[in-house]
Amino acid sequence: MLIMLLTVLAASHMCSRPVRVRFAPSPTGYLHIGGLRTALYNYLLARKHAGTFVLRIEDTDRERYVEDAETDITAALEWAGLSYDEGPTVGGDVGPYYQSARKELYQQYVQQLLDSGHAYYAFDTPETLDARREEAEHGFSYNAATRGEMENSLTLPDEEVTRRIAHGDPYVVRMKVAPESSIRFEDTVRGTVSFASEKVDDQVLLKSDGMPTYHLANVVDDHLMAITHVIRGEEWLPSTPKHILLYRYFGWEPPAFAHLPLILSPEGGKLSKRDAEALGIPVSVSDYAEAGYEPEALLNFLALLGWNPGTEEEVFSLEELAEAFSLDRVGSSGVQFDMDKLRWFNEQHLRALDLGTFTARVAAHADAHGLDDVDKDYLQQVCALMHERVSFAHEVFTESRYFFEAPTSYDQKGVKKRWKDDAPALLSAYAEALEALDTFTEATAEQTLRDIADAHGCGAGRIIHPTRLALSGVTFGPSLFAMMEVLGRATCVERMRTAIEELG
RNA sequence: GCCGCGUUCGUCUAGGGGUUUAGGACGCCGGCCUUUCACGCCGGUAACACGGGUUCAAAUCCCGUACGCGGCACCA
């Protein structure tokens, strides 16, 4: 009863404002797979509640800035189909959407904290901080216990502080965390989380270059942009108390927090770039695009990596995901990346496409396989036969290359198993009969073959298998007769005679 | 080291006091279909980390241990 009441209250609280979420990548590298999942969950929540999905570029780190990272990130989002309602280029009412362009804006909020005594100036150099960290046995923390030993506006006389600032001495602004309480907050996926505030350090809010740190900028922007739900990776959980404190200092209502479980490597450890590459797992979203994954399949896989719909359904389109999504069905434990399952999702999404769409997806890879002038109708016929047989669209050009050029070799094992002594005679008879046919179709090719088998007193397989070998060079593939109709009579006959010569 | 979060088949997960001989999916194995291969269908393999407690009853609640992951920057 009480729980129900609380749930209703919580729900009404949540719904009091329209849902606004943001994906806030830093242009310090290309969009990676974990980032895409974070973006996806934000996107899904926004779409589910007819809310707004904001893209904000957190470019406050000038040291690690990567020139083409932003282009990669937006290209990856576009490839995936995660469109944003506000952000760079599309604009919006609460911009700018680059933190670097909001630099001046943070200044007033820092001043507000300084005035209210929740922040102070600190002049310690990176070198002295490093030195303190090195000499400390169990790590150094700039906090209530140590701030008295440092050079800051709490230890220095006011005149000295003013003098140094006027003189242009570099300084940072730190938040002043009171040690006496414990900070607790509700995480949508984990429930109540609490930290002892003496473990929270006096985080730098404003760097000496005048840029805000993530912690300050993120809180100020989320408030100014009216963000209702902060959905981000679990790596942010330990710094959330700082953010809660900042909301408190500013007198703002914090958004709901949801910290997503991290994606682990298939071997259990963390998915570092190096490990992933060693295991053959692409890390960058652009690598998935390049490897030929269907964007919807990747998204579907990622959605189910940490979330489940509560039903046994697994294959979803992006629209269906948005419909089914809810934050309270997001799990809280780390999840291992499974390439096999991803591939399965890719197959499922490929097969869900109608033939025309599938063909178009396949055609997009033609150039890369040196087949830029393939006839569309012909390709569609090939695709009809290969649709259920490939895991990736581009495999039509690799797994069934023989539709586009004569086989250059014959599978050794296949020859040994299927090319018997009577094969040349049988194929030769079959080829001749095919040439004599009025109309060459799947049906007549089959009937002709069976007639010849009967005439020679052997099973149809005796001809079927060597013929397949002659046409494709391999022992597997679509129905032989359907294949023959697509290849055409002339090609079939020619390849059969070539095989007779080659294999004897 | 300290702080936090986590732990159900190999993997993703359902279940959150009795409805469970713990369900589904991927993978793997077998079968059916098919004179190929795949698709599809049917079946099988396989899990509540460990130890205490609470309770008539624990995968489910509590405590501890182990292990994993994250964090401890003028990086995000």
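Quick note on labels: first sequence line is chain A, next is B, and so on, each numbered from 1. Since the structure is predicted, the reported quantities are computational estimates derived from the model, not experimental observations.
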By the 4.0 Å heavy-atom rule, please label [X] as base, sugar-phosphate, or nothing.
X: D124(A); result: base
X: V172(A); result: base
X: G310(A); result: nothing

Hunt down the Watson-Crick or G-U wobble partner of [N], both distances under 3.5 Å, from any strand shown, or write none.
N: rU65(B); value: rA49(B)
N: rC26(B); value: rG10(B)
N: rU54(B); value: none
N: rG70(B); value: rC3(B)
N: rG17(B); value: none

Between the protein and nucleotides 59-66 of chain B, list the N/O to N/O atom pairs that are separated by less than 3.5 angstrom.
none

Spacing of the [atom1] atoms in [M] and [N] (rounded, Å):
N: rA73(B); M: rA66(B); atom1: P; result: 25 Å
N: rG27(B); M: rC12(B); atom1: P; result: 15 Å
N: rU60(B); M: rG18(B); atom1: C1'; result: 11 Å
N: rC41(B); M: rA46(B); atom1: P; result: 24 Å
N: rA14(B); M: rU19(B); atom1: C1'; result: 15 Å
N: rU21(B); M: rG44(B); atom1: C1'; result: 16 Å
N: rC63(B); M: rA58(B); atom1: C1'; result: 15 Å
N: rA49(B); M: rG6(B); atom1: P; result: 14 Å

Between [N] and [X], is there an OP1 or OP2 to side-chain N/O distance shorter than 4.0 Å?
X: R343(A); N: rC12(B); value: no
X: K207(A); N: rA73(B); value: no
X: T60(A); N: rA76(B); value: yes

| request: Go along nucleotides 4-9 of chain B 5' to 3' and tag each nucleotide: B for a protein heavy atom under 4.0 Å from its base, S when only backbone or sugar atoms are that close, - otherwise. | output: SSSS--
| field | B/S/- contact track for nucleotides 31-50 of chain B, protein heavy atom under 4.0 Å | value | ----BBBBS-----------
Could you state the [atom1]-[atom2] distance from [X] to [N], rounded to the nearest angstrom?
X: F316(A); N: rA25(B); atom1: CZ; atom2: P; answer: 14 Å
X: Q99(A); N: rC75(B); atom1: CD; atom2: C1'; answer: 13 Å
X: Y106(A); N: rA76(B); atom1: OH; atom2: P; answer: 11 Å
X: E314(A); N: rG27(B); atom1: CD; atom2: P; answer: 11 Å
X: N143(A); N: rC3(B); atom1: CG; atom2: C1'; answer: 13 Å
X: Q336(A); N: rG27(B); atom1: CD; atom2: P; answer: 17 Å
X: E267(A); N: rC12(B); atom1: CD; atom2: C1'; answer: 17 Å
X: H138(A); N: rC2(B); atom1: NE2; atom2: P; answer: 8 Å

Listed nucleotide nearest any side-chain atom of [X], set [options]:
X: Y214(A); options: rC74(B), rG23(B), rA76(B); answer: rA76(B)
X: R329(A); options: rA14(B), rC12(B), rC74(B); answer: rA14(B)
X: R64(A); options: rC2(B), rC26(B), rA76(B); answer: rA76(B)

| Looking at F23(A) versus Y84(A), is the centre-to-centre ring distance below 6.0 Å? |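 They do not qualify: ring centres at least 6.0 Å apart.
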| request: Measure centre to centre between the rings of Y214(A) and W236(A), then say whether the value is under 6.0 Å. | output: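 Yes, ring centres under 6.0 Å apart.
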Go through the structure and list residues passing side-chain hydrogen bond (donor to acceptor under 3.5 Å, both in side chains) with [X], not counting sequence neighbours.
X: H215(A); answer: H243(A)
X: H118(A); answer: S116(A)
X: Y30(A); answer: D68(A)

| request: Could you check whether the rings of H394(A) and H365(A) sit parallel, tilted or perpendicular, using 30° and 60° as the cut-offs? | output: perpendicular
Counting only pairs under 3.5 Å, give me each side-chain donor-acceptor contact of residues 203-210 of chain A, with atom names and distances, residues two or more places apart or in other chains.
{"from": "Q203(A)", "atom 1": "OE1", "to": "K242(A)", "atom 2": "NZ", "distance (Å)": "2.6"}
{"from": "K207(A)", "atom 1": "NZ", "to": "T60(A)", "atom 2": "O", "distance (Å)": "3.0"}
{"from": "D209(A)", "atom 1": "OD1", "to": "M211(A)", "atom 2": "N", "distance (Å)": "2.9"}

| task | Any pair with a residue in residues 301-312 of chain A that passes side-chain hydrogen bond (donor to acceptor under 3.5 Å, both in side chains), sequence neighbours left out, goes on the list, sorted by first then second residue, please. | result |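 Passing the test, one end in residues 301-312 of chain A: N308(A)-R329(A).
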| Any residue meeting salt bridge (Lys or Arg N to Asp or Glu O under 4.0 Å) with D221(A), in chain and number order, not counting sequence neighbours | R56(A), R102(A)
Side-chain donor-acceptor distances from residues 132-140 of chain A under 3.5 Å, at least two apart:
{"from": "R132(A)", "atom 1": "NH1", "to": "E149(A)", "atom 2": "OE1", "distance (Å)": "3.0"}
{"from": "R132(A)", "atom 1": "NH2", "to": "E149(A)", "atom 2": "OE1", "distance (Å)": "2.7"}
{"from": "R133(A)", "atom 1": "NH1", "to": "D130(A)", "atom 2": "OD1", "distance (Å)": "3.3"}

| More 5' along RNA chain B: F337(A) or Q203(A), using each one's nearest nucleotide? |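 This one resolves to F337(A).
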| message | Can a side-chain donor-acceptor contact be found between N300(A) and E296(A) if the only test is distance below 3.5 angstrom? | response | no
| query | What residues, two or more places apart in sequence or in another chain, satisfy side chain to side chain contact (heavy atoms under 4.5 Å, CB included) together with R418(A)? | reply | H465(A), L469(A)
| note | Sequence neighbours excluded, the answer for ring-ring contact (aromatic ring centres under 6.0 Å, His included) partners of Y288(A) is Y293(A)
| Heavy-atom closest pair, residues R147(A) and T155(A) |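 Heavy atoms of R147(A) and T155(A) come nearest at O-CG2, 3.5 Å.
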